[in-house]
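I have placed the structure first, in the form of structure tokens, so that the comments after it can refer back to it.
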Amino acid sequence: MKTMVQNGVRGALTLLVFALVFTALMAGTYALTKESVAKNERDARAALIAQVLPAGSYDNELLLDALPQTAAAQQQLNNPAGAQIYRAMKNGQTTAVVVETIAPDGYSGKIKLLVGVSRAGQVLGVRVVAHKETPGLGDYIDAAKSNWILGFDGKSLSSPTADLWRVKKDGGAFDAAAGATISPRAVVKAVKNTLNYVAAEHATLFGA
């Protein structure tokens, strides 16, 4: 009986030591890599944001000039709390904004977007940040899969006119792949929605 108890205690102590050593190793690894992981994440986000802005159009650190979206903006842009708007500045003047927005009505759910808009109200670029559209069918909205998303460059609320901010199947100006109109229809609607938001909040976003 005594031997069984001793073996049990010995086994428990062995497990405890193993757990402590493993936890210490995990904590040490996290502490050593935390800053570099965070920096890599910041760099990746800054690079993604830069994709919707013309090269040389800003001289500020985009991530440091982010504005948290108000509750009203979050509602209009279908965003959760924490969504932001990045201001691109040149010589102290805001030249463009990059808006985090969501198309809530994709074929397979939400499509997260970044939309760059110039002071003049033109789309500078659009990128899909995340989506769950059908691979090979609806995922051509992703710049990594096709150039479709580049079709928004240079567009504004007046070009095309408001009634043409739809896919061609619905009588609008934007192409959509045959048999896969739900995804582009959702993106077109979200980009137009973003332009409307930026136009309404122009003074707040760009200043005088």
Side-chain angles (χ1 to χ4, degrees), residues 37-38 40-54 57-58 60-89 93-133 138-139 141-144 148-149 151-153 155-158 162 165-167 170 172 174 181-208:
V37 170
N40 290 340
E41 290 177 348
R42 288 195 301 272
D43 290 346
R45 185 145 198 86
L48 184 61
I49 295 169
Q51 288 186 27
V52 299
L53 294 170
S57 64
Y58 59 94
N60 61 320
E61 292 287 340
L62 296 171
L63 296 183
L64 299 181
D65 273 314
L67 300 171
Q69 293 185 9
T70 63
Q74 290 165 15
Q75 182 174 11
Q76 182 173 342
L77 298 168
N78 303 298
N79 278 324
Q84 295 182 311
I85 296 173
Y86 305 92
R87 291 185 299 184
M89 306 183 74
Q93 183 182 51
T94 303
T95 59
V97 292
V98 178
V99 181
E100 292 182 335
T101 189
I102 289 178
D105 43 5
Y107 182 77
S108 299
K110 296 178 180 179
I111 302 170
K112 296 182 179 180
L113 302 164
L114 284 175
V115 181
V117 183
S118 73
R119 173 179 280 267
Q122 286 187 316
V123 176
L124 298 173
V126 181
R127 290 294 183 275
V128 173
V129 177
H131 72 88
K132 297 179 181 177
E133 303 306 278
D139 64 349
I141 59 174
D142 190 335
W148 180 82
I149 203 79
F152 290 101
D153 295 3
K155 299 292 191 295
S156 68
L157 289 174
S158 60
W165 270 89
R166 292 177 285 178
V167 297
D170 299 333
F174 294 89
T181 56
I182 295 177
S183 308
R185 183 183 287 145
V187 174
V188 170
K189 183 179 176 183
V191 175
K192 181 186 179 186
N193 185 47
T194 303
L195 288 175
N196 280 326
Y197 169 77
V198 172
E201 300 296 329
H202 193 279
T204 301
L205 296 174
F206 290 95

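The closest donor-acceptor contact from the side chain of Asn60 to the backbone of Met89 lies under 3.5 Å. Not one N or O on the side chain of Thr94 forms a donor-acceptor pair closer than 3.5 Å with the backbone of Ala96. No donor-acceptor pair closer than 3.5 Å links the side chain of Lys110 to the backbone N or O of Gly106. A donor-acceptor contact shorter than 3.5 Å is absent between the side chain of Asp65 and the backbone of Tyr86.
Under 3.5 Å, the side chains of Gln74 and Asn79 contain no donor-acceptor pair of N or O atoms.
Distance NZ/Lys189 to OG1/Thr194: 12.0 Å, rounded to 0.5 Å. Atom CG of Leu113 and atom NE2 of His131 lie 10.0 Å apart (nearest 0.5 Å). The distance from the CG atom of Leu195 to the CZ atom of Phe152 is 9.5 Å, given to the nearest 0.5 Å.
Between Glu100 and Arg45, at least one side-chain nitrogen of the basic residue sits less than 4.0 Å from a carboxylate oxygen of the acidic one, meeting the salt-bridge criterion.
The side-chain heavy atoms of Leu205 and Val198, taken from C-beta on, include a pair separated by under 4.5 Å. With a 4.5 Å cut-off on side-chain heavy atoms, Val115 and Val52 do not count as touching. When side chains are defined from C-beta on, Val98 does not count as touching Leu62, because their heavy atoms never get closer than 4.5 Å. Within the 4.5 Å cutoff, no side-chain heavy atoms of Thr101 are placed close to those of Tyr197. Looking at Ile85 and Gln69, their side chains come closer than 4.5 Å, going by heavy atoms from C-beta outward. Using a 4.5 Å heavy-atom cutoff, the side chains of Arg119 and His202 are in contact.
Dense packing is recorded around CZ of Phe206, with more than 12 heavy atoms of other residues, nucleotides or ligands lying under 6.0 Å away. Heavy atoms from other residues, nucleotides or ligands lying under 6.0 Å from CD of Glu61 number 12 at most.
Side-chain rings of Trp148 and Phe174 stay apart, their centers remaining 6.0 Å or farther from each other.
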Between Leu114 and Val128, does the side chain to side chain contact (heavy atoms under 4.5 Å, CB included) criterion hold? Intermediate values first, please.
CA-CA 7 Å; Leu114 284 175; Val128 173; over 6 Å; no
Verify side chain to side chain contact (heavy atoms under 4.5 Å, CB included) between Ile149 and Asp142, making sure each step is shown before the conclusion.
CA-CA 7 Å; Ile149 203 79; Asp142 190 335; over 6 Å; no
For the pair Val167 and Val188, evaluate side chain to side chain contact (heavy atoms under 4.5 Å, CB included) and give the outcome as yes or no after the intermediate values.
CA-CA 7 Å; Val167 297; Val188 170; 4.3 Å; yes
List the steps and the verdict of side chain to side chain contact (heavy atoms under 4.5 Å, CB included) for Leu67 and Arg87.
CA-CA 8 Å; Leu67 300 171; Arg87 291 185 299 184; 3.7 Å; yes
Mind running side-chain hydrogen bond (donor to acceptor under 3.5 Å, both in side chains) on Ser156 and Gln122 for me, showing each step along the way?
CA-CA 5 Å; Ser156 68; Gln122 286 187 316; 5.6 Å; no
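The shortest heavy-atom contact between Val117 and Leu124 is C-CD1, 4.0 Å. Of all heavy-atom pairs between Asp105 and Ala186, the closest is OD1-CB, 3.2 Å. Leu53 approaches Ala88 most closely through the heavy-atom pair CD1-CB, 3.9 Å. Among all heavy-atom pairs drawn from Tyr107 and Glu133, the shortest one is N-OE1, 2.8 Å. Here the closest heavy-atom approach between residue Pro80 and residue Ile102 is recorded as CD-CD1, 3.9 Å. In terms of heavy atoms, Ile111 sits closest to Ser183 at CD1-O, 4.1 Å.
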